Amino acid sequence: MIWRRARSASPLARRNRRIDRGQREERRKRVRITMRVAASVAVLGLVVWHGVRLADSRDWLDLLKVREVRVIGVEVAHPNVLVAEAGLMGADIHYWSGLGQYAERAERDPLVHSARLVRRFPNRLALEVVERRPVALIALDRLTPADSAGRVLPVDPFHAGWDVPVLTGPWTSASVVEAGRVRPGAVRRTLAWLGEVERKYPVLAREISTIELDRRGTVTLRLVHSEGAVVLAHDTPIEKLALIDDVLRDLHEKEIPYTVLDFRFEDQIVVRKG
């Protein structure tokens with residue numbers, strides 16, 4: 001009985017032990033915080049010391065002067081040409097310099113849709129470019145690439161490797177292009193239409209091999225894997241193109257030959273058999 005009473009602790013003793021443990025833990029926390037603060041002060045002092053030494057040997061402004069411009073996102077445009085056009089070649093630019101004017105200059109290049117400059121500390125810049133892409137090659141004296149906004153892209157289409165449809169029609173070179181842009185409204189509308197097809201139906205856009213415009217506004221498409229032509233009016237709703245694949249599949253399964261799929265009518269599709 002005496003032995004059991006000696007081993008048992010009173011509530012007051014247990015409470016005192018809990019207080020002692022809490023005090024010890026609190027002291028440990030204060031020590032850890034003190035050590036962290038001391039380490040931070042030491043690192044800061046080291047940085048300041050090296051900074052003072054570096055400042056004695058070099059100009060701080062010179063450290064932050066841009067020494068490299070990397071061009072990102074180009075496939076056709078030449079990076080060095082874009083850097084020069086932006087005014088960045090040999091320019092006295094520092095890390096905190098305003099960059100908007102240089103991006104705007106880069107966007108004046110006919111191959112550039114948009115551009116922006118991103119800082120890379122301490123003395124580098126990244127010129128991020130989104131290039132213009134053609135939606136068709138217009139058959140003029142030579143095949144001329146043009147984007148959905150009607151801008152002519154001054155690049156050899158074969159060198160660039162663009163795989164887009166050839167656009168033909170009753171025109172001459174002098175009547176189509178003026179000051180780097182497509183002039184006739186019918187051609188501009190067709191280019192904008194092609195851009196919309198590319199966004200909504202990319203698989204169909206890749207299937208279009210040639211597009212022919214006539215003076216009445218009729219649009220004739222030739223598809224890569226189709227034996228016949230697809231005929232549209234200039235105001236045929238673009239949503240109707242979603243039916244082309246279903247119609248072609250049905251004709252193929254039924255082994256029905258055809259020469260033309262006529263989509264010019266509002267509520268029907270006319271199949272002209274061969």
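Every value quoted in this text rests on a predicted model; they were computed, and no experiment measured them.
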Between [X] and [Y], is any pair of side-chain heavy atoms under 4.5 Å apart?
X: Leu125; Y: Glu68; result: no
X: Ser209; Y: Pro165; result: no
X: Ile93; Y: Leu88; result: yes
X: Glu212; Y: Thr218; result: no
X: Arg133; Y: Asp147; result: no
X: Leu221; Y: Thr210; result: no
X: Leu213; Y: Val219; result: yes
X: Val247; Y: Leu261; result: yes

Could you see if [X] belongs to whatever hydrophobic cluster contains [Y]? Use Ile, Leu, Val, Met, Phe, Trp, Tyr and a side-chain cutoff under 4.5 Å.
X: Val260; Y: Leu204; result: no
X: Tyr201; Y: Leu223; result: yes
X: Leu127; Y: Leu111; result: no
X: Val81; Y: Val129; result: no
X: Val112; Y: Val69; result: yes

Kindly give the heavy-atom pair with the smallest separation between [X] and [Y], and that separation in Å.
X: Thr236; Y: Arg264; answer: OG1-CA, 4.3 Å
X: Leu117; Y: Ala103; answer: CD1-N, 4.0 Å
X: Pro184; Y: Val176; answer: CD-O, 3.3 Å
X: Val177; Y: Gly180; answer: CG1-N, 4.3 Å
X: Ala242; Y: Asp246; answer: O-OD2, 4.2 Å
X: Pro154; Y: Pro110; answer: CG-CG, 3.7 Å

[X] side chain vs [Y] backbone, donor-acceptor pair below 3.5 Å:
X: Glu128; Y: Gly73; result: no
X: Thr190; Y: Ala186; result: yes
X: Glu198; Y: Val135; result: no
X: Trp162; Y: Asp156; result: no
X: Glu107; Y: Ala115; result: yes
X: Arg124; Y: Arg67; result: no
X: Ser226; Y: Val224; result: no
X: Glu227; Y: Thr259; result: no
X: Asp214; Y: Gly217; result: yes

Quick one: pull up [atom1] in [X] and [atom2] in [Y] and give me the separation to the nearest 0.5 Å.
X: Leu251; Y: Lys273; atom1: CG; atom2: NZ; answer: 9.0 Å
X: Phe263; Y: Leu243; atom1: CZ; atom2: CG; answer: 6.0 Å
X: Glu253; Y: Leu248; atom1: CD; atom2: CG; answer: 11.5 Å
X: His252; Y: Ile256; atom1: NE2; atom2: CD1; answer: 12.0 Å
X: Ile211; Y: Trp193; atom1: CD1; atom2: CH2; answer: 5.5 Å
X: Tyr102; Y: Glu85; atom1: OH; atom2: CD; answer: 15.5 Å

(request) With side-chain contact (heavy atoms from CB on, under 4.5 Å) as the test, would you mind laying out the steps for His113 and Arg151 before giving the verdict? (result) CA-CA 10 Å; His113 177 268; Arg151 182 186 290 269; over 6 Å; no
(request) Tell me, with the steps shown, if Arg272 and Asp262 meet salt bridge (charged side-chain N to carboxylate O under 4.0 Å, His left out). (result) CA-CA 8 Å; Arg272 298 179 186 173; Asp262 198 333; 3.0 Å; yes
(request) Please lay out, stage by stage, how Arg116 and Glu104 fare under the test salt bridge (charged side-chain N to carboxylate O under 4.0 Å, His left out). (result) CA-CA 8 Å; Arg116 70 168 188 154; Glu104 291 175 1; over 6 Å; no
(message) The test is side-chain contact (heavy atoms from CB on, under 4.5 Å); show your working for Glu196 and Ile238 and say whether it passes.
(response) CA-CA 8 Å; Glu196 192 69 13; Ile238 194 170; 3.3 Å; yes
(request) For the pair His225 and Glu207, evaluate side chain to side chain donor-acceptor pair (under 3.5 Å) and give the outcome as yes or no after the intermediate values. (result) CA-CA 7 Å; His225 296 100; Glu207 277 289 300; 2.8 Å; yes
(request) Applying side-chain contact (heavy atoms from CB on, under 4.5 Å), run through Leu167 and Leu137 and close with a yes or a no. (result) CA-CA 6 Å; Leu167 177 58; Leu137 304 178; over 6 Å; no
(request) May I have the step-by-step check of side-chain contact (heavy atoms from CB on, under 4.5 Å) for Lys200 and Glu239, ending in yes or no? (result) CA-CA 9 Å; Lys200 291 187 175 181; Glu239 289 75 19; 3.3 Å; yes
(request) Please say whether more than 12 non-hydrogen atoms of neighbouring residues, nucleotides or ligands are located less than 6.0 Å from CZ in Arg70. (result) no
(request) Evaluate whether atom CG of Asp235 has more than 12 neighbouring non-hydrogen atoms of other residues, nucleotides or ligands under 6.0 angstrom away. (result) yes
